[in-house]
Trainee: 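Encoded as structure tokens, here's the structure I'll be asking about.
For the numbers below, each heavy atom of this structure counts, side chains included, while hydrogens, waters and symmetry mates do not. Residues: numbered from 1 along the sequence shown.
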Amino acid sequence: MKAAEIREKFLNFFASKGHTIVPSSSLVPANDPTLLFTNSGMVQFKDVFTGKEKRPYTRATSSQRSVRAGGKHNDLENVGYTARHHTFFEMLGNFSFGDYFKHDAIKNAWELLTGVYQIPAEKLWVTVYQEDEEAYSIWKNEVGVPAERIIRIGDNKGARYASDNFWQMADTGPCGPCTEIFYDHGADVWGGPPGSPEEDGDRYIEIWNLVFMQFERTADGVLHPLPKPCVDTGMGLERIAAVLQHVHSNYEIDLFQKLIAAAQREVQAQGHAVEITNNSLRVIADHIRACAFLVVDGVIPGNEGRGYVLRRIVRRAIRHGYKLGCRKAFFNHLVPDLVAEMGDAYPELAKAAAQVQAILKSEEERFFETIENGMGILESALAGLKEGGQLDGDTAFKLHDTYGFPLDLTADVCRERGMTVDEAAFDAAMDQQKKQARAAGKFKMDADLSYSGVATEFKGYDELSVANAQVTAIYVDGTSVQSLSAGQRGVLVLDKTPFYAESGGQVGDQGEISSGGVCLNLFRVEDTQKIQSTVFGHHGEMVTGELKVGDAVGAEVNAAQRARIVRNHSATHLMHKALREVLGGHVSQKGSLVDADKTRFDFVHPNPMTAEEIAQVERLVNDEILRNEATQARVMDIESAKATGAMMLFGEKYGDTVRVLDIGTSRELCGGTHVDRTGDIGLFKIVAESGVAAGVRRVEATTGFGALELAQHQQTQLEAVAQTLRVPAAEAPAKINQMLDQMKALEKELDRLKSKLASSQGDDLAGQAVEVAGVKVLAAELAGADVKQLRETADKLRDKLGEVALVLATVQDGKVSLIASVSKVLSAKVKAGELVNHVATQVGGKGGGRPDMAQAGGTQPENLAAALASVSGWVQAKLAA
């Protein structure tokens, strides 16, 4: 039974039992900031289990793509060394949210395994929590599993409920016993049943875990029965496929065999034979799944967080390819093979295949530029160690910092040689670098503010001022105070405000908060930030008078600045849609910043935008502006919002109710402030386009008066250029091209004359060569020559003089340039790289190169004459040696 069929049968079985088939969620958890990646099927249902979220069903089933390659849940270092560890895997699961419980969960599992999958009952063992008499009784008396194949597992980790068969979400909250199902691979495989001294063997393999969320654990450690207990199960698709395909290793199942064959094909395409059983092919096949699906879900290789984990996995795969002989990009070529295997189950993979391949190719090419040098340094360091030795932390850090080798990649190489890495020294070097970076950056973060008062009611969608707000808290240097006096800086919290607090890329509002009549108490708001999700902090300075907690105040936003911000923010929505239309549906937002001057938008795209693409985006946005359609904002529940087709930003967490914003033909979820009509934006103009990371581009644009000011500035510059050229502005580009052509022609003529001069100087220099032990030696300075002329003259002199060692020099702008050339026969004894370095060290520089030709430089031209005079003696000593 193939993996695709196993997955389909699982979902259809539970659908027949009244479960809703729920699509896999993103690998980036949208509702759990404590997790780096989605690592199990229950992650997308976490808020359902805790009661924070309601779904229209009480039974669900899914095949959830999962990654365990970073943070607390990290299997990366084991991939390639075990039969069942993966960075990416699929978790088959069925869930009950206060519906059925242990009886149905156990009976359904048994029916699926023995009935649908037809696994012999005698091959299955189960474990239960030692105190879970109910589960034990169901297995023994209702299912009919013999008592000798039901194993009770107690608190074996030194604390109450610290058991492999007792699950808890955290130290407090939902928890409960679980029952696990094991498959017996047979007596020819070493190992014992769970709970025995040989349980770590491979004979008995866990294939399914059924978790019974039965209790609520409070801070005092007491378990309280839940009014509606739940079920959460998980079965790895790869593990059950190994069982049903009668193989012992997950890497022997059909899905992996095809990816391993694809990896073998790519290695052999670069001219290197490799056996299909090679362990490195397994690593590559595993890693392409994790890398491709992470990119599908919006993760881009980077230097921190999820992006760095992805980079580590990609580079680990590349290193294994390098180990097999690959010296150019190969990893990305496996994407079409992965689509062929998994594209039907995950259409989003097939849809994004070209984008995935482009991003992985870019990351590959980047690392292949440095891997050879890095591997050379690592090989040299390891060559001096004996088996069981330890690579020093400084070398490991140099590999990380200079050559892009993640620590786990270096550790992986060391482990293959029976060695380790001094990780403590590596960490010390890393900490030192971070301290230096922090000191250089002079970065300061405001202290967290503790607030327990009423929430702030935001009135700023419809009003720019409120007259009857109340001060609910005041903070100075992070400390709560009762009043704020003139000259003091602080943070005010109001019970209602028209000020927008920075969120979703839109900066916070500025303005004034005041009270009193003649004797005005005035607080100038310089920024507005969220203290909590519904509590706004107004940062600024008390200009005159005094404000106290409880005072009634008026609050007024700087209207002109707000108007510029909303124009830029509204244009961002239109630009996002236009980018998708022009560049493709793969474009997704990776970050934004909207202020009064500009909108800055980062998005996924592999290549720089062309001038034509930029112009097309500008036309689409300005067309929307000219239509002058009304903007509409609606508040609705999240499911209704999804039904409208509103775009939801990747990785963003949304509440039960959301704000759906229609601007022109764009529809997105957004809580920001916007124009009333698209025409209010005025004019849209892209200012700059650049790359910020592999596969991520950045567009900066401006609107309204900002766009007008830009156009006026550009017009002024054009007129100034035209005036300098003494032509009308319309003719300036043609005039510039004409001048550039003339300049190129003059440069060619200058190069020709310089070459002719250098050649004539070379002819004169040939007579200056001296003979040392039968070899011609020449060291001279060519006045007015550049490096190109030095090289050409050296080539001509070497051809003319035969067996020769020569050094030519020139001085330009106070810097010395040197070329050393040695005839090929002589280069076995006298190496050009050593010769040029001998001269360079005397003029304040260094250099090297090939044995027959080398280049160097220096900063001390005053020493050049003496350095050149020493060449004959140096060559004579080399020949004598």
Trainee: Check A329 against N332 and note the closest heavy-atom contact, atom names and distance.
Mentor: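 Closest approach of A329 to N332: CB-ND2, 3.9 Å.
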Trainee: Rounded to the nearest 0.5 Å, what separates atom CH2 in W190 from atom CG in D202?
Mentor: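 The CH2 atom of W190 sits 8.5 Å away from the CG atom of D202.
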Trainee: Extract all donor-acceptor atom pairs below 3.5 Å that involve side chains of residues 284-292 and protein atoms in other chains or at least two apart in sequence.
Mentor:
unit_1: D286; atom_1: OD1; unit_2: T87; atom_2: N; d: 3.3
unit_1: D286; atom_1: OD1; unit_2: T87; atom_2: OG1; d: 2.6
unit_1: D286; atom_1: OD2; unit_2: H86; atom_2: ND1; d: 3.4
unit_1: D286; atom_1: OD2; unit_2: T87; atom_2: N; d: 3.1
unit_1: H287; atom_1: ND1; unit_2: V283; atom_2: O; d: 3.4
unit_1: H287; atom_1: NE2; unit_2: R316; atom_2: NH1; d: 3.1
unit_1: R289; atom_1: NH1; unit_2: E238; atom_2: OE2; d: 3.4
unit_1: R289; atom_1: NH2; unit_2: F88; atom_2: O; d: 3.0
unit_1: R289; atom_1: NH2; unit_2: E238; atom_2: OE2; d: 2.8

Trainee: L281 vs Q264, test: side-chain contact (heavy atoms from CB on, under 4.5 Å). Steps then yes/no.
Mentor: CA-CA 7 Å; L281 296 180; Q264 180 192 44; 3.8 Å; yes
Trainee: Roughly how far, to the nearest 0.5 Å, is OG1 of T114 from CD of E122?
Mentor: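 Nearest 0.5 Å value for the CD-OG1 distance: 10.5 Å.
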Trainee: Establish, yes or no, whether a centroid distance under 6.0 Å links the rings of F49 and F97.
Mentor: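 Centroid distance F49-F97: below 6.0 Å, so yes.
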Trainee: As a quick check of understanding, evaluate salt bridge (Lys or Arg N to Asp or Glu O under 4.0 Å) for D337 and R265, giving each step before the final call.
Mentor: CA-CA 11 Å; D337 301 279; R265 177 197 70 216; 2.8 Å; yes
Trainee: Has the side chain of E364 got a donor or acceptor atom that lies under 3.5 Å from a matching backbone atom of F330?
Mentor: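 Between the backbone of F330 and the side chain of E364 there is a qualifying donor-acceptor contact (under 3.5 Å).
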Trainee: I'd like to know if D104 and K17 make a salt bridge, using a cut-off of under 4.0 Å between side-chain N and carboxylate O.
Mentor: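 No, no charged N to carboxylate O under 4.0 Å.
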Trainee: Assess whether atom CD of E148 is packed by more than 12 heavy atoms of other residues, nucleotides or ligands within 6.0 Å.
Mentor: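 Atom CD in E148 is crowded, with more than 12 foreign heavy atoms closer than 6.0 Å.
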Trainee: Answer with yes or no after comparing the ring centroid distance for F166 and Y129 against a 6.0 Å cut-off, counting only values under it.
Mentor: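 Distance test on ring centres: under 6.0 Å, yes.
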Trainee: In terms of the angle between their ring planes, are F95 and F45 parallel, tilted or perpendicular, with boundaries placed at 30° and 60°?
Mentor: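 Rings of F95 and F45: tilted, as their planes differ by 30° to 60°.
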Trainee: Between atom CD of Q44 and atom CD of Q64, what is the distance when rounded to the nearest 0.5 Å?
Mentor: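 The CD atom of Q64 is 5.5 Å from CD of Q44, to the nearest 0.5 Å.
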Trainee: Any side-chain heavy-atom pair from W125 and T127 closer than 4.5 angstrom?
Mentor: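 When only atoms from C-beta onward are counted, T127 and W125 do not touch, as no gap falls below 4.5 Å.
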Trainee: Please report the closest heavy-atom contact between M91 and G236, naming both atoms and the distance.
Mentor: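 In this case the closest contact between M91 and G236 is SD-N, 3.7 Å.
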Trainee: Measure the shortest side-chain to side-chain distance between F256 and V247 over non-hydrogen atoms and say whether it is less than 4.5 angstrom.
Mentor: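 Side-chain contact under 4.5 Å: no.
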Trainee: Rounded to the nearest 0.5 Å, what separates atom CG in L11 from atom CG in N94?
Mentor: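 Output value for this atom pair is 10.5 Å.
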Trainee: Taking the side chain as every heavy atom from C-beta outward, state whether F293 and V67 have any atom pair closer than 4.5 Å.
Mentor: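 Not in contact.
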Trainee: Among Y100, Y57, F13, find the one that has a ring pair (Phe, Tyr, Trp, His ring centres under 6.0 Å) with H19.
Mentor: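 For H19, the ring pair (Phe, Tyr, Trp, His ring centres under 6.0 Å) check succeeds only for Y100.
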Trainee: Hey, is K46 close enough to E53 for a salt bridge, meaning N to O under 4.0 Å?
Mentor: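 No, no charged N to carboxylate O under 4.0 Å.
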Trainee: Does the side chain of V296 reach to within under 4.5 Å of the side chain of Y346, using non-hydrogen atoms?
Mentor: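 Contact flag for V296/Y346 side chains = no.
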Trainee: Output all residues satisfying ring-ring contact (aromatic ring centres under 6.0 Å, His included) with Y322, sequence neighbours left out; order by chain, then residue number.
Mentor: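 For Y322 there are no ring-ring contact (aromatic ring centres under 6.0 Å, His included) partners, ignoring immediate neighbours.
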Trainee: Where do V126 and I106 land on the side-chain contact (heavy atoms from CB on, under 4.5 Å) test, with the steps shown first?
Mentor: CA-CA 11 Å; V126 297; I106 290 173; over 6 Å; no
Trainee: Sorted by first residue and then second, give each side chain to side chain donor-acceptor pair (under 3.5 Å) pair with at least one member in residues 137-147; sequence neighbours left out.
Mentor: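 As it turns out, the side chain to side chain donor-acceptor pair (under 3.5 Å) pairs with a partner in residues 137-147, which skip direct neighbours, are H103-E142, K107-E142, S137-N141, W139-T179.
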Trainee: One pair to check against side-chain contact (heavy atoms from CB on, under 4.5 Å): H185 and K123. What are the steps and the verdict?
Mentor: CA-CA 8 Å; H185 277 281; K123 300 286 281 183; 5.9 Å; no
Trainee: Keeping Q168 on the side-chain end and P174 on the backbone end, is there a donor-acceptor pair under 3.5 Å?
Mentor: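 No; judged by distance alone, with no hydrogens or angles, the pair does not exist.
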Trainee: Determine the minimum heavy-atom distance between I276 and A261, stating which atoms define it.
Mentor: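 Taking I276 first and A261 second, the nearest heavy atoms are CD1-CA, 3.8 Å.
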Trainee: Does Q270 use its side chain to pair, donor to acceptor, with the backbone of K328 at less than 3.5 Å?
Mentor: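 Checked: pair present.
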Trainee: Check whether any side-chain heavy atom of W167 sits under 4.5 Å from a side-chain heavy atom of M213, and report yes or no.
Mentor: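 Side chain of W167 against side chain of M213, heavy atoms only: contact under 4.5 Å found.
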Trainee: Whether the side chain of T38 engages the backbone of S26 through a donor-acceptor N/O pair (distance < 3.5 Å, no angle test) should be reported.
Mentor: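 Present.
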Trainee: Are any of the side-chain heavy atoms of R366 and R311 separated by less than 4.5 Å?
Mentor: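 They are in side-chain contact.
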Trainee: I'd like to know if the side chain of K590 and the backbone of G298 have a donor-acceptor N/O pair within less than 3.5 Å.
Mentor: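 Side chain of K590 to backbone of G298: a pair is present.
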Trainee: Ignoring hydrogens and geometry, is there a side-chain-to-backbone donor-acceptor pair from N165 to C178 under 3.5 Å?
Mentor: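 Side chain of N165 to backbone of C178, a donor-acceptor pair under 3.5 Å: yes, one is there.
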Trainee: Can you tell me if E199 uses its side chain to pair, donor with acceptor, with the backbone of G195 under 3.5 Å?
Mentor: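 Yes, E199 side chain to G195 backbone: donor-acceptor pair under 3.5 Å.
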Trainee: Mark yes or no for whether R203, through its side chain, and G191, through its backbone, hold a donor-acceptor pair below 3.5 Å.
Mentor: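 No; zero donor-acceptor contacts below 3.5 Å.
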Trainee: Do you know which two heavy atoms are closest between S40 and R68, and how far apart they sit?
Mentor: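 In terms of heavy atoms, the two residues are closest at CB-NH2, 4.5 Å.
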Trainee: Salt bridge check, E416 against K323: does any charged N sit closer than 4.0 Å to a carboxylate O?
Mentor: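 Counted as a salt bridge, because a side-chain N and a carboxylate O are separated by less than 4.0 Å.
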Trainee: Tell me the closest heavy-atom pair linking S249 and A242, and the distance in Å.
Mentor: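 Shortest heavy-atom contact: O-CB, 4.2 Å.
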Trainee: Under a 3.5 Å distance rule, please check whether R239 uses its side chain to pair with a backbone N or O of E206 as donor and acceptor.
Mentor: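 Yes, the answer is positive, given that a donor and an acceptor are paired below the 3.5 Å cut-off.
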Trainee: Say you draw a straight line from CG of L244 to CD1 of I6; how long is it, rounded to the nearest 0.5 Å?
Mentor: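 If I round to the nearest 0.5 Å, the distance is 4.5 Å.
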Trainee: Under 3.5 Å, side chain of Q214 to main-chain N/O of C175, donor-acceptor pair present?
Mentor: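 Such a contact is absent between Q214 side chain and C175 backbone.
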Trainee: In terms of heavy-atom contacts, does CG of D344 have more than 12 from other residues, nucleotides or ligands at under 6.0 Å?
Mentor: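 No.
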Trainee: Within the structure provided, determine whether R315 and I371 are in side-chain contact (heavy-atom separation under 4.5 Å).
Mentor: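 No; the side chains remain at least 4.5 Å from each other.
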Trainee: Test I240 against I119 for side-chain contact (heavy atoms from CB on, under 4.5 Å), laying out the working first.
Mentor: CA-CA 10 Å; I240 191 63; I119 298 175; 3.9 Å; yes
Trainee: I'd like to know if K102 pairs up with D132 as an ion pair, taking the criterion as any Lys NZ or Arg NE/NH1/NH2 lying under 4.0 Å from an Asp or Glu carboxylate oxygen.
Mentor: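 So K102 pairs with D132 through a salt bridge.
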Trainee: Do you know the tightest heavy-atom contact between S96 and D99?
Mentor: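 Looking at all heavy atoms of both residues, the shortest contact is OG-N, 3.1 Å.
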Trainee: Using a 4.5 Å cut-off on heavy atoms from C-beta on, say whether the side chain of I359 contacts that of P301.
Mentor: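 Result yes, sub-4.5 Å side-chain heavy-atom pair found.
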Trainee: Measuring from I253:CD1 to K2:NZ, what's the distance to the nearest 0.5 Å?
Mentor: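 Interatomic distance, I253 CD1 to K2 NZ, rounded to 0.5 Å: 12.5 Å.
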